[in-house]
Amino acid sequence: MTLLRIDGLSKHFAGVPVLTDVRLELGAGEILGLVGQNGSGKSTLIKCLAGFHQPDPDWRLEINDHTLTRPLNPGEPAELGISFVHQDLSLVGDLSVLENLRLNRLGRDRRWYIPWRAEQRRAHELLESFGLDLDPRVKLGTLRPIEQAQVAIIRAVLQLREAGGAGVLVLDEATTFLDRAGRDSLYTLLRSIAASGAGVLFVSHDIGEVLGLTDRVTVLRDGKVVRDAPTADLSEDDIVGLIVGGARPAPLEVPARSPDKNEHLVVTGLDGEHVHDIAFEASAGEIVGITGIVGSGWEFVLEHLYGATTADAGTLRVGAGKPVPLHRMTPVRALGMGMVFVPSSRLTQGVIAELSLRDNVMLPVVGDFFRGARLRLGRLTRACTRLLRDHAVQPPEPARPIGTLSGGNQQKAVLGKWLQLAPGLVLLSEPTQGVDVGARQLIFRIIRESAANGAVVLYASGDWDEIARLADRVVVIADGRVTATFDGSVSVEQIAGAAYRGTRRSADLARAVEDFA
């Protein structure tokens, strides 16, 4: 039984085609993977389905027993039985779990009072039915990322139930911030949702999870469907080749430089709200991976080192300089020490989306383009164009607002912005988060080049495959403390074992240790 069918979906922006005659089908009980590079049209397709964008004329949408040939209005998808979980989850951290689950319904309720006890009981029963032991009264912002993602999905499923009949659940990069155990728990939930008769449209950049979770895969490239096939008929190389157009690209390797044995970076006694007594060292030319289970504290190490979040204690020494107390570190001081930081949240911390590429990328060096009180704008623009081309940013148009670029191109621009300073210490937090296969290879090359030029690269990520592939040294953190340090080659299994065995908070501890023992 087909729940959702899209025919002839096209979309142009200012005359430029973004989607061309897209056709897509989703059956009851099916999990369909939608994959493609940044800029391939995935987000535009989802936004047309959500009523955010108006498709070009002559498209057709069939959902349950309804057929539409006009654009959807905001709110109409929910009435038709389509519910969404976006990458940012669209939850309110300051509200309780109950309020997040029932916000839409409570807002429509015509009663002059809210029966809170009855609502709490219903919410508790709902959470229990999905196997979650959560107090509906707690603030959502205090929950772990996996628990927040589960709440977002349960809310979406609840909306489908209220619409009546079988519905379609759309997940748009909803697993981006989850660790391995969290993703496994989420996959179990999605399979149970599909088994109930709903359809799941699963959008992801992670080819491995698409292969492991979905029943069928639709590949978009340049706004067109280039393949729709059962997942069992496709390999990882097949999918990557379809995404990028042709055979799987060879990794863009840079000749490795033997790290300088002299210590270039020494961190001792780092204490903060989420970390305790963190200590490690690194040599010039070395890539150091910092990782663990999401929520175990590794995510905050770079923020403390850069002064973006004030540490309680600890010191940092760069080169032959004196140790600097980390509770006195500020971003200005860090920059003065030759340190740069690329945060995980591009749009809120890495760029100003409304400003041009030129204004974003050239900000750290704009002072070099003044003659007296006059800014040499032409020279600044030409330098920006060269930088964008050197870092394969598409399109390399300095006047273009950076917020209109795909995530991968934004990230390449942010890396270029800071690496043009030739820093001695590069801090990267989840640098490939939400980035497609092609852009990821280019980012890896940029990182390797930076290390080959003598910089220390601290690479904080929850993607253990990337850490194992890139890092010369790996520091594993659990419950805010270093539980293991690996020098040289390391396997994902070794990282997982150190991360899980070192934590007391993982609900999946026993299973994870058994899996990786």
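Each residue takes its place number in the sequence, starting with 1.
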Between [X] and [Y], a side-chain donor and acceptor under 3.5 Å:
X	Y	result
Arg137	Ser96	no
Thr291	Ser461	no
Thr432	Glu466	yes
Glu430	Ser344	no
Asp238	Ser235	yes

Tell me the closest heavy-atom pair linking [X] and [Y], and the distance in Å.
X	Y	result
Trp298	Gly292	NE1-O, 3.2 Å
Asn100	Leu95	ND2-O, 3.5 Å
Val288	Ala471	C-CB, 4.5 Å
Gly285	Asp472	O-OD2, 4.0 Å
Asp390	Arg445	O-NH2, 3.8 Å
Ala413	Ile402	CB-CD1, 4.2 Å

Beyond-backbone contact of [X] with [Y], side-chain heavy atoms, under 4.5 angstrom:
X	Y	value
Leu140	Val92	no
Phe341	Pro331	no
Leu387	Val361	yes
Trp418	Pro364	yes
Val426	Val456	no
Phe280	Ile290	yes
Leu220	Val35	no
Val476	Thr485	no

Between [X] and [Y], is there a donor-acceptor pair closer than 3.5 Å when you use the side chain of the first and the backbone of the second?
X	Y	result
Lys42	Gly36	yes
Ser283	Glu286	no
Gln410	Leu405	yes
Ser204	Val210	no
Ser40	Arg221	no
Asn360	Ile352	yes
Ser356	Asp359	yes
His304	Thr309	yes
Arg386	Leu388	no
Glu449	Ile446	no

side-chain contact (heavy atoms from CB on, under 4.5 Å) for Val267 and Arg317? Distances and angles first, verdict last.
CA-CA 7 Å; Val267 175; Arg317 177 171 63 81; over 6 Å; no

For a side chain to side chain donor-acceptor pair (under 3.5 Å) check, start with the C-alpha distance between Thr404 and Arg400, then their side-chain angles and the critical distance, and finish with the verdict.
CA-CA 8 Å; Thr404 65; Arg400 187 183 181 103; 3.0 Å; yes

Given the options Leu305, Leu316, Val482, Leu270 meets side-chain contact (heavy atoms from CB on, under 4.5 Å) only with Leu305

Exceeds 12 heavy-atom contacts within 6.0 angstrom, atom CZ of Phe52
no

State whether the number of non-hydrogen atoms from other residues, nucleotides or ligands found under 6.0 Å of Arg191 atom CZ is greater than 12.
yes

Drop me the distance from [X]'s [atom1] to [Y]'s [atom2], to the nearest 0.5 angstrom.
X	Y	atom1	atom2	answer
Gln494	Phe486	CD	CZ	5.0 Å
Arg389	Cys384	CZ	SG	10.5 Å
Asp271	Ile278	CG	CD1	8.5 Å
Thr385	Glu397	OG1	CD	9.5 Å
Asp94	Glu99	CG	CD	10.0 Å
Thr315	His327	OG1	NE2	11.0 Å

One pair to check against side-chain contact (heavy atoms from CB on, under 4.5 Å): Val457 and Leu470. What are the steps and the verdict?
CA-CA 10 Å; Val457 178; Leu470 277 176; over 6 Å; no

According to ring pair (Phe, Tyr, Trp, His ring centres under 6.0 Å), who are the partners of Phe202, at least two apart in sequence or on a separate chain?
none

Stepwise, does the side-chain contact (heavy atoms from CB on, under 4.5 Å) test hold for Met329 with Met337?
CA-CA 10 Å; Met329 183 66 74; Met337 296 171 63; 3.8 Å; yes

Begin with the C-alpha distance, continue with both residues' side-chain angles, and end with the deciding distance and a verdict on side-chain contact (heavy atoms from CB on, under 4.5 Å) for Arg358 and Leu377.
CA-CA 10 Å; Arg358 180 184 58 214; Leu377 188 59; 4.0 Å; yes

